[in-house]
Amino acid sequence: MNSGIATPVITVDGPSGVGKGTVSRGLAERLGWHRLDSGALYRILALAAVDAGIALSDTDAVAALAPNLDIRFTGAHEDDEAIWVGGVNVKDRVRAETTGGLASQIAAAPAVRTALLQRQKDFRVAPGLIGDGRDMGTVVFPDAALKLFLTASAEERARRRLRQLSAAGQTAILADLCTEISTRDERDRTRSVAPLVPASDAILIDTTLLNPTQVAQRIDDLLKDRGFLRS
Ligand code: DC
């Protein structure tokens, strides 16, 4: 922040597998802004708890690990991305499907969300930030300049996730992915703190029938309307 003018933030929220990563990376690249992958923070914290032998149900102990985690993200694209925790690249473990389920479990705990709140706000650095997550527009950056909320059917998200996993050399079964995604959605939507809901001033984009280029075009139109990009 400087001269009392807050660094601008654009939030990209939505359920798992909806394409937030692709959209937020594209936005960060087109605008030259930073990006916060908030889901990765929940994933890293869940893994740290497992590694420390802490039960995920012991949410105070899990939350207590958050301030001391040394986390660094490098690489702007999915294929050159690295996630460093204590100097070790843990990207593959962080991105594993099972880790998403663990993250979703700890994410329901108020103590965990509070412990990660300031860490997320700290990513707000000039010239701007794209915040990717579930509660970016509702809780972490309620004053965001533009709030996007992406949706897509669970079946379509499972198909996208399967393609992503195959590209990374991993195997999965479509029906299992669909069940996991629906279970995770349900838990994220119905939790008492920061549930997965669009902010009242968010713009909803249903991507079920859109390819990534069409989604990017729609968002670019919004950015032009709001003066973030030149027409
Ligand atoms: O986006 P993701 O799949 O990496 O997120 C993993 C889990 O973390 C997700 O199921 C819910 C949780 N999460 C959250 O509660 N709030 C966020 N801002 C981001 C993720």
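Keep in mind it's a predicted model, so treat the numbers as computed, not measured. Heads up: numbering here begins at 1 and tracks the sequence. For ligands, and for the atoms within them, numbers begin at 1 and follow the listed sequence.
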Keeping R226 on the side-chain end and L146 on the backbone end, is there a donor-acceptor pair under 3.5 Å?
no

Separation between CG of L162 and CD1 of I173, rounded to the nearest 0.5 Å:
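The CG atom of L162 sits 9.5 Å away from the CD1 atom of I173.
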
Let me confirm one number: the NZ-CG distance from K20 to L150, rounded to the nearest 0.5 Å.
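If I round to the nearest 0.5 Å, the distance is 7.5 Å.
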
If we number the atoms of ligand 1 from 1 as shown, the ones under 4.0 Å from a heavy atom of R191 are 14 (C), 15 (O), 16 (N)

Just jot down the ligand 1 atoms closer than 4.0 angstrom to any heavy atom of S104, in number order.
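It comes down to these atoms of ligand 1: 7 (C), 10 (O).
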
Do [X] and [Y] have a side chain donor and acceptor closer than 3.5 Å?
X    : Y    : answer
S104 : R187 : yes
Q118 : D122 : yes
R160 : T22  : no
S24  : R35  : yes

Give a yes or no on whether a salt bridge exists between R95 and D37, defined as a side-chain N under 4.0 angstrom from a carboxylate O.
yes

When you check the gap from the basic side-chain N to the acidic O, do D143 and R124 get nearer than 4.0 Å?
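Looking at R124 together with D143, the answer is yes, because their closest N to O distance falls below 4.0 Å.
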
Could you identify the single nearest non-hydrogen protein atom to [atom] and state the distance to 0.1 Å?
atom                    : answer
atom 1 (O) of ligand 1  : R134 NH1, 2.8 Å
atom 12 (C) of ligand 1 : A107 CB, 3.6 Å
atom 7 (C) of ligand 1  : A103 CB, 3.7 Å
atom 16 (N) of ligand 1 : R113 NH2, 3.0 Å
atom 19 (C) of ligand 1 : S38 OG, 3.4 Å
atom 20 (C) of ligand 1 : G39 CA, 3.5 Å

With backbone taken as N, CA, C and O and side chain as the heavy atoms from C-beta onward, which portion of E97 lies under 4.0 Å from ligand 1: side chain, backbone, both, or neither?
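Answer for E97: neither.
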
Record the part of R184 in heavy-atom contact with ligand 1 below 4.0 Å; permitted values are side chain, backbone, both and neither.
side chain

Among M136, K20, R43, closest by any non-hydrogen atom to atom 2 (P) of ligand 1:
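It is R43 that holds the nearest heavy atom.
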
Considering both backbone and side-chain atoms of D188, is one of its nitrogen or oxygen atoms within less than 3.5 Å of a nitrogen or oxygen in ligand 1?
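N/O-N/O distance below 3.5 Å exists for this pair.
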
What I want to know is whether S16 and ligand 1 share at least one N or O pair that is separated by under 3.5 angstrom.
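By distance alone, the answer is no.
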
Does some non-hydrogen atom of R187 fall short of 4.0 Å from ligand 1?
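It does not, in that no heavy atom of R187 comes within the 4.0 Å cut-off of ligand 1.
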
